[in-house]
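Report on the structure given below.
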Amino acid sequence: MIRFNDIVDEVLKYNPDADVELLQKAYIFSAKAHKGQVRLSGEPYLIHPLETAYTLTKMNLDIPSIVSGLLHDTIEDSYVDKKEIEEYFGKEIAELVDGVTKISKIPLKTSEESRVENFRKMILAMSKDIRVILVKLADRYHNMQTLNFLSAEKQIEIARETFEIYAPLAHRLGIEWLRAELEDAAFKYLKPTEYRLIADNIAQKKREREAYINEVIGLLRQKLDEFHVHADIFGRAKHLYSIYRKMSLEGLNIDDIYDIIAFRVVVDTIKECYEALGIIHAAYKPIPGKFSDYIALPKANMYQSLHTKIMGPHGEKVEIQIRTREMHRLAEEGIAAHWKYKEGKVFNPKEDKIFAWLRRIIEWQQELKDNKEFMEIFKIDLFPDEVYVFTPNGDVRELPKGATPVDFAYAIHSELGHRCVGAKVNGKLVPLRYTLKSGDTVEIMTSPTHKPSKDWLSFVSTSKAKTKIRQWIKTEQREKSIELGRSLLDKELAKHSMSFTRLLKNGDFLPLARDFSFESVDDLFASVGYGLYTPLQVLNKIIPEEEKPAGKIKTIIHSLKKGRDNAIKIKGIDGLVIRFARCCNPIPGDSIIGFITRGRGLTVHVEDCPNVHTYDEQRKVEVSWQLSKDYTFPVRFKVVGNDRKGLLSDISSVIAANKVNIISASAMTYPDRSAAGIYEVEIEHMSQLQKVMKSIQKIKGVRSVDRMRSIT
């Protein structure tokens, strides 16, 4: 168990002038805020912020970061607010703690798209201060170590999120040890059988492996000493998930994998890196195709090393990484090694290449409005496996593994991508879907009349290529919708002896467009073209009442119904009948989306509702909540706990204490002495629901409280 003095000792190792009094103040503040609180493990809650802060010291972070680690749960899990943090510790630390709190409120759901809006907020928080995500990573690292105290469902949800988002983030930020630890921790719950198989095998051969490691270290040191190359040499078993990944990719079982040990050779200079490589290759046979030079061509997160595999003693395959001490420090500390705060400077991402990825993601989150598309781009950029190719001029371009000539063209310039008609690789014509390899020289052939193809989306792999192609397609589809809308209106107007051309020339369509809350006439035409409005709806506002044929043209835009409908604001549209989808039961605070449905007005869904994918994207409408205390929404949630006398009474009392009305309640018990209750209540906003559920979670014996989406 980590003690406060352990944190101080670690900080003073790399920062002898650290403000220990501020750390002490934060420790006392956190202890008071979490007094009486315990984790599901039964341990005092204070252990968690201490562990989080200690992890931050392993990254050699500054005092504000470590203080934020001690305080990171005070806003969310106690009665402390941001203002109080600012009064005691200043604005900088208050902003950090608030940023971590906002990320911690991301709801856990199985659908990756359900988290998109929240990850947009996380990216924005990172752009303001990258230390926010470093504190969150440290927080998640300790939470993964205590995951066994949660329900099986929660374990899977948190492990999947850790594997898909937080481990790749650690990799992207260059903190490789943390990435590996998070992957292994998630692997334990996502693939428990495979995890146990590999872990047991590694444990059984521990003594044999340690003997082999010592033997190889001794032999390598002897060879390097002969040529007066001083090096620190380390050996260890590879992480469990990396072994499993190799098994999966190569179709092997655990007994077939021999290169499960990796060695690291750390020297003083780049020159010695290459000298050490030559010495090792001269002594032991290198395995062809298993050498990578990440010193000459660093990875996207600025990682540098020489990687090679050799046939070591006793015919064992051995992986060796060779790097300088500075490269080793960067690999261990990642982004923290580049920290500007250590010098008292203001953080400026533009100053450092390691922030190029973050700048790119920020640009995507600003440009991409479609959540599904953003999540896809986000995932692509989180899992890079680079190849290095050359332009005809000899410039190096870094692309993800699987990239094609089309990806290369868009990496150079968007217009080059749009006009790409063919490609030569190493002087030979190749298909546009050809997979590029490191060392390829790529030449793009273009035509000024060529346009991107929707088929390209099936094989391009870079976020930029996918985004630019989709943007072009959307623009082209809009132009086609405008033309179709014009044609439909022209035909309908002709039936009433009215001239479309004259109305357009006289500017009569502009006020009409504004009546429909559009900014331009083209917006109105496009809405007719893709079916948001019919020509009859538009003509209904043009044709005088006395000229309308009885029974033919009638108003199909209904008045809004009283009640919950008034809680929805529709961008650019007025007067639609509004329905709330029963499959996902949206409530204020949910991220929502609307879809026009023929004959049924507007249906509002939660953005991550599985049924959303069945709707035509052209019928999607931006909607938002406009709240009033006059409306309540039915919500159901399920409480699971230990069966004990008075449990249901305690739950009902907590709900009533939060001034929430119970519509219905049902309960059941199970042979394992557990109980479950389903409650349907009326709430005004998500925050009220979260408060109720959080209060119930604190009741003795309650294991979990989960919202139930459907109300059918």
Side-chain angles (χ1 to χ4, degrees), residues 10 13-14 55 57-60 141 170-171 174-184 198-199 202-203 205-243 245-246 257-284 286-287 290-295 298-299 301-314 316-334 336-337:
E10 288 299 316
K13 286 180 183 177
Y14 64 85
T55 299
T57 67
K58 292 173 68 175
M59 301 182 204
N60 288 5
Y141 176 56
H171 169 70
I175 314 170
E176 286 303 309
W177 70 267
L178 184 55
R179 186 267 309 165
E181 292 286 351
L182 291 175
E183 281 183 347
D184 278 1
I198 297 171
I202 295 294
K205 298 180 179 180
K206 182 179 179 181
R207 184 175 298 178
E208 177 185 335
R209 186 176 64 253
E210 288 177 347
Y212 186 76
I213 288 173
N214 291 332
E215 179 184 359
V216 172
I217 289 176
L219 292 171
L220 290 176
R221 180 168 285 118
Q222 180 182 346
K223 292 294 181 183
L224 294 174
D225 285 346
E226 288 178 14
F227 292 89
H228 308 290
V229 176
H230 175 69
D232 293 326
I233 306 173
F234 312 95
R236 60 164 178 79
K238 290 183 179 179
H239 287 276
L240 302 186
Y241 176 70
S242 68
I243 296 173
R245 183 171 54 195
K246 183 179 180 66
I257 296 183
Y258 299 100
D259 56 335
I260 64 172
I261 301 174
F263 291 87
R264 190 168 292 151
V265 177
V266 182
V267 295
D268 292 320
T269 66
I270 293 177
K271 179 174 176 286
E272 288 179 329
C273 287
Y274 291 99
E275 287 178 354
L277 178 70
I279 293 166
I280 293 170
H281 279 183
Y284 300 99
I287 299 174
K290 296 298 182 181
F291 169 69
S292 297
D293 188 343
Y294 295 117
I295 293 179
K299 290 189 175 185
N301 59 12
M302 304 309 291
Y303 171 88
Q304 289 183 289
S305 280
L306 299 176
H307 287 199
T308 188
K309 279 189 178 180
I310 61 170
M311 294 299 295
H314 314 299
E316 297 276 0
K317 294 179 181 178
V318 174
E319 180 180 310
I320 300 177
Q321 301 168 0
I322 307 170
R323 62 180 67 151
T324 67
R325 300 182 197 286
E326 178 64 11
M327 291 172 191
H328 182 62
R329 186 176 73 87
L330 296 182
E332 291 295 303
E333 298 178 24

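Atom set for the values below is all heavy atoms of this structure, side chains included, hydrogens, waters and symmetry mates excluded.
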Determine whether [X] and [Y] make a side-chain contact, defined as any pair of heavy atoms from C-beta on separated by less than 4.5 Å.
X	Y	answer
I261	V318	no
I295	Y274	yes
I280	I322	yes
H307	F291	no
S292	L306	no
M311	I287	yes
H230	V267	no
I243	H239	no

Donor-acceptor pair, distance only, cut-off 3.5 Å: does the side chain of T57 make one with the backbone of N60? no
Verify, without hydrogens or angle tests, whether Y303 (side chain) and E176 (backbone) share a donor-acceptor contact under 3.5 angstrom. no
Residues Q321, V266; criterion side chain to side chain contact (heavy atoms under 4.5 Å, CB included); working and verdict: CA-CA 8 Å; Q321 301 168 0; V266 182; over 6 Å; no
Once rounded to the nearest 0.5 Å, what's the spacing between atom [atom1] of [X] and atom [atom2] of [Y]?
X	Y	atom1	atom2	result
H281	L277	NE2	CG	4.5 Å
D184	Y241	CG	OH	10.0 Å
I320	S305	CD1	OG	12.5 Å
R323	L330	CZ	CG	9.5 Å
I310	F263	CD1	CZ	8.5 Å
D293	Q304	CG	CD	9.0 Å

Please output the side-chain donor-acceptor pairs of residues 213-227 that fall under 3.5 Å, not counting sequence neighbours, one pair per line with the distance.
| from | atom 1 | to | atom 2 | distance (Å) |
| --- | --- | --- | --- | --- |
| N214 | ND2 | E210 | O | 3.2 |
| E215 | OE1 | H314 | NE2 | 3.2 |
| E215 | OE2 | H314 | NE2 | 3.1 |

Considering all heavy atoms of both residues, which atom of Y284 and which atom of P313 are nearest to each other, and what is their separation? CE2-CD, 4.1 Å
Would you call [X]-[Y] a salt bridge at under 4.0 Å N-O?
X	Y	answer
E319	K238	yes
R264	D232	no
E208	K205	no

Might you work through the side chain to side chain contact (heavy atoms under 4.5 Å, CB included) test for I279 and V229, ending with a clear yes or no? CA-CA 10 Å; I279 293 166; V229 176; 3.9 Å; yes
Pairing residues for E275 by the salt bridge (Lys or Arg N to Asp or Glu O under 4.0 Å) criterion, not counting sequence neighbours: K271
